[in-house]
Amino acid sequence: MSTYNEVRRLAKSLTPDEQIRLIEDLSKSIRRKVTLTPKPKRSILELRGLGKEIWNGIDAQEYVNQERDSWNG
C-alpha cells in the first residue's frame, strides 16, 4: 500500500475536528515551505529574439504600412 493511501485511510478514521486540525497543520507546513523558497526573478530580456524567425524576409516598414491600410478598409 502506498504511503499516501495509508495516510488518507488513517485521516478518514479521525474525528471531523481532528481532520480539520490536520488540514490546518498541513496547510501551515506547506505555506512555510512555499514562502521560504524564493522564486527566481525573471527578466523581460529573456524574451529577446523570441520568434524572430517569423519575421525573416519581411520588410518592417511595408508590414506597418499594410497594417495601417487595413484599418481604413
Side-chain angles (χ1 to χ4, degrees):
M1 178 181 280
S2 74
T3 304
Y4 173 83
N5 287 332
E6 183 160 347
V7 169
R8 190 169 175 204
R9 183 185 58 75
L10 290 171
K12 285 182 177 183
S13 70
L14 298 173
T15 67
D17 285 342
E18 290 172 325
Q19 289 177 348
I20 290 171
R21 183 175 164 208
L22 176 61
I23 291 169
E24 289 170 347
D25 288 345
L26 288 171
S27 296
K28 286 177 189 174
S29 174
I30 293 167
R31 274 193 213 100
R32 265 188 253 116
K33 287 179 184 176
V34 169
T35 56
L36 291 179
T37 308
K39 293 183 180 180
K41 297 206 178 213
R42 305 302 302 240
S43 170
I44 191 71
L45 296 176
E46 292 177 43
L47 300 175
R48 184 177 179 169
L50 187 65
K52 67 181 178 181
E53 66 280 357
I54 296 169
W55 300 99
N56 280 342
I58 296 176
D59 180 75
Q61 188 58 56
E62 182 59 31
Y63 176 81
V64 170
N65 292 342
Q66 288 175 2
E67 283 298 308
R68 288 181 179 155
D69 289 344
S70 74
W71 300 341
N72 298 327

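Predicted model, so just to flag it, every value in this text is computed and none were measured.
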Mind checking what makes side-chain hydrogen bond (donor to acceptor under 3.5 Å, both in side chains) contact with Glu46, not counting sequence neighbours?
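Here the qualifying residues are Arg42.
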Check side-chain hydrogen bond (donor to acceptor under 3.5 Å, both in side chains) between Thr15 and all other residues, then give those that pass, not counting sequence neighbours.
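If we apply the side-chain hydrogen bond (donor to acceptor under 3.5 Å, both in side chains) test to Thr15, skipping adjacent residues, the hits are Glu18.
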Give the C-alpha distance, both sets of side-chain angles, the deciding distance and a yes or no for side-chain contact (heavy atoms from CB on, under 4.5 Å) between Val64 and Arg68.
CA-CA 6 Å; Val64 170; Arg68 288 181 179 155; 3.5 Å; yes
Gap separating the CD1 atom of Ile30 from the CG atom of Asp25, nearest 0.5 angstrom:
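CG of Asp25 is found 11.0 Å from CD1 of Ile30.
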State the CG-CG distance between Leu22 and Asp17, to the nearest 0.5 angstrom.
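Atom-to-atom, Leu22:CG and Asp17:CG are 12.5 Å apart.
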Could you tell me which residues satisfy salt bridge (charged side-chain N to carboxylate O under 4.0 Å, His left out) with Arg48, sequence neighbours excluded, listed by chain and number?
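In terms of salt bridge (charged side-chain N to carboxylate O under 4.0 Å, His left out), with neighbours along the sequence ignored, Arg48 is linked to no residue.
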Which residues pass the salt bridge (charged side-chain N to carboxylate O under 4.0 Å, His left out) test with Glu67, not counting sequence neighbours?
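Expected list: none.
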Each residue besides Ile23 in its hydrophobic cluster should be listed here, by chain and number; the cluster joins Ile, Leu, Val, Met, Phe, Trp and Tyr at side-chain heavy-atom distances under 4.5 Å.
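Listed partners: none, Ile23 stands alone.
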Can you name the side chain to side chain contact (heavy atoms under 4.5 Å, CB included) partners of [X], sequence neighbours left out?
X     : answer
Leu47 : Ile44, Leu50
Glu53 : Asn56
Glu62 : Asp59, Asn65, Gln66
Gln19 : Leu14

Could you name each residue pair satisfying ring-ring contact (aromatic ring centres under 6.0 Å, His included) that touches residues 41-61, not counting sequence neighbours?
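Every pair satisfying ring-ring contact (aromatic ring centres under 6.0 Å, His included) with a residue in residues 41-61: Trp55-Tyr63.
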